[in-house]
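Okay, so here's the structure we're looking at.
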Protein chains: 2
Amino acid sequence: MNSEFPAAVHLLVYLAHSTSGSANSEELAENVGTHPARVRKMMRCLREQGWVGTREGIGGGYFLQAEPAAIRLADIYRASCCGGLRPKKPTGSPGSTCPVSSGISGAMDHYFGEAESRYLDYLDGVTVQDVLHRIVDPRPLP
Amino acid sequence: MNSEFPAAVHLLVYLAHSTSGSANSEELAENVGTHPARVRKMMRCLREQGWVGTREGIGGGYFLQAEPAAIRLADIYRASCCGGLRPKKPTGSPGSTCPVSSGISGAMDHYFGEAESRYLDYLDGVTVQDVLHRIVDPRPLP
DNA sequence: TTGAACTGTATAATTTATAATTACAGTTAG
DNA sequence: CTAACTGTAATTATAAATTATACAGTTCAA
């Protein structure tokens, strides 16, 4: 897996935590530990999902447009690196006369799909708000 | 994820399917679509788990030493590429004064661990024999 | 007891994937 | 008009994965 998914979560959690509610690509890049251009690129994806809004020009930047409790990690995963749990290089060769060599790839696809779906079922139950709370402990309710 | 896990499954399924019950690294490499030296390297891992036996020298090669129905995909995964579902590059920086930047990595580790454990729970229910049967349909029982 | 057919293992070379960097056009506020 | 931003594409650098090469050790059989 590449680091797009955790970086996307980081960006959303940061915006959810920010008091001003917005940040520009330089501030975000420094916090994540990456390059502003990469932040801007990732933000396109988050904007397309309707999770963040953008303001161009002077004083511009990014801000949350959805409730942190409504943004699920499974959806961030799907938007940022879907299929990332499978190896790029398939094993075997489709044209082989050996049923194992020609069939293994399809069989593994099936198992990878099922396993990934369990992985996502779990992430479906975790929101940006949950991640933020795990980091900055919420005050225990009275 | 790299392709060690599916390749390891392929090797075991191939041996389980083989009529002679054994194969050398060249035959396996051709079937998998890789290099014999890589097969030999992967075989070390499978041998250490007790799943395959080795015979060196002339006429040598590899053979199954466990029941295909007793080899679980989750164990193959653990032996071949454990941790492969996480990104290599962590987001944020541990020393930051910002709680999000310093804490996000630990939080994500937690969620990745939980999600990966669901992934493995599923693979725990699949054996080499299941994979083989999915490829070469078992005769329907009378 | 020699040689051919293997495995075991290390390491170098190559390819591919990922991330960083650069560049510049477009937008906005003042 | 200009400075401070985003949007986007292209390029370069770095890291990871895979392939390839090499050779020592093992085994069998003539």
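In what follows, every chain begins at residue 1, and chains take the letters A, B, ... in the order their sequences are listed. Below, each value reflects all heavy atoms present in this structure, side chains not excepted, and no hydrogens, waters or symmetry copies.
Using a 4.0 Å cut-off between charged nitrogen and carboxylate oxygen, A/R118 and A/D121 do not count as a salt-bridge pair.
For the pair B/K88 and D/dA17, the criterion of a side-chain N or O lying under 4.0 Å from OP1 or OP2 is met. For D/dA17, neither phosphate oxygen OP1 nor OP2 lies less than 4.0 angstrom from any side-chain nitrogen or oxygen of B/S3. Contact between the side-chain N/O atoms of A/T34 and the OP1/OP2 oxygens of C/dA20 is found at a separation under 4.0 Å. Residue A/R47 places at least one side-chain N or O closer than 4.0 Å to OP1 or OP2 of D/dG7.
Separating the NE2 atom of A/H35 from the C1' atom of D/dA10 is a distance of 14 Å, rounded to the nearest angstrom. The distance from atom CZ of A/R40 to atom C1' of C/dT21 is 11 Å, rounded to the nearest whole Å. Atom CD of A/E56 and atom C1' of D/dT8 are 11 Å apart (whole Å). The separation between B/L28 atom CG and C/dC6 atom C1' is 13 Å, rounded to whole Å. In this structure, NE2 of B/H10 is placed 15 Å from P of D/dT18, rounded to the nearest angstrom. Rounded to whole Å, atom P of D/dT6 lies 14 Å from atom CG of A/L46. Regarding A/E4, its CD atom lies at a distance of 9 Å from the C1' atom of C/dT18, rounded to whole Å. Spacing between atom CZ of A/F63 and atom C1' of D/dT6 amounts to 12 Å, rounded to whole angstrom units.
The distance from atom CZ of B/F5 to atom CG of B/L85, rounded to the nearest 0.5 Å, is 9.5 Å. Rounding to the nearest 0.5 angstrom, the gap separating the CD atom in B/Q129 from the NE2 atom in B/H133 is 4.5 Å. One distance of note links CD1 of A/I104 with OG of A/S96; it measures 12.0 Å at 0.5 Å rounding. Here CG of A/L28 is found 5.0 Å from CE of A/M43. Values are rounded to the nearest 0.5 Å.
The B/T54 side chain lies nearest to C/dT7 when the options are C/dT18, C/dT7, D/dG7. Counting only heavy atoms from C-beta on, B/K89 has its side chain closest to C/dA19 among C/dT27, D/dT19, C/dA19. Residue B/N24 has its side chain nearest to C/dT7 when only D/dT8, C/dT7, D/dC5 are considered. Nearest to the side-chain atoms of B/I58 among the listed nucleotides C/dA5, D/dT18, D/dT6 stands C/dA5. Proximity note for A/R38 (side chain, C-beta onward) versus D/dT19, C/dG8, C/dA19: the nearest is C/dA19. Nearest nucleotide to the side chain of A/N2, out of C/dT18, D/dT6, D/dT21: C/dT18. In the set D/dA20, C/dT21, C/dT7, C/dT7 carries the atom at the smallest distance from any side-chain atom of B/S25.
Residue-to-nucleotide proximity on DNA chain C shows that, of B/E26 and A/G33, the 5′-proximal contact is made by B/E26.
Not a single donor-acceptor pair, N or O on each side, falls under 3.5 Å between the base of C/dG8 and the side chain of B/R44.
Between A/Y111 and B/Y122, the two ring planes are tilted [angle within 30° to 60°].
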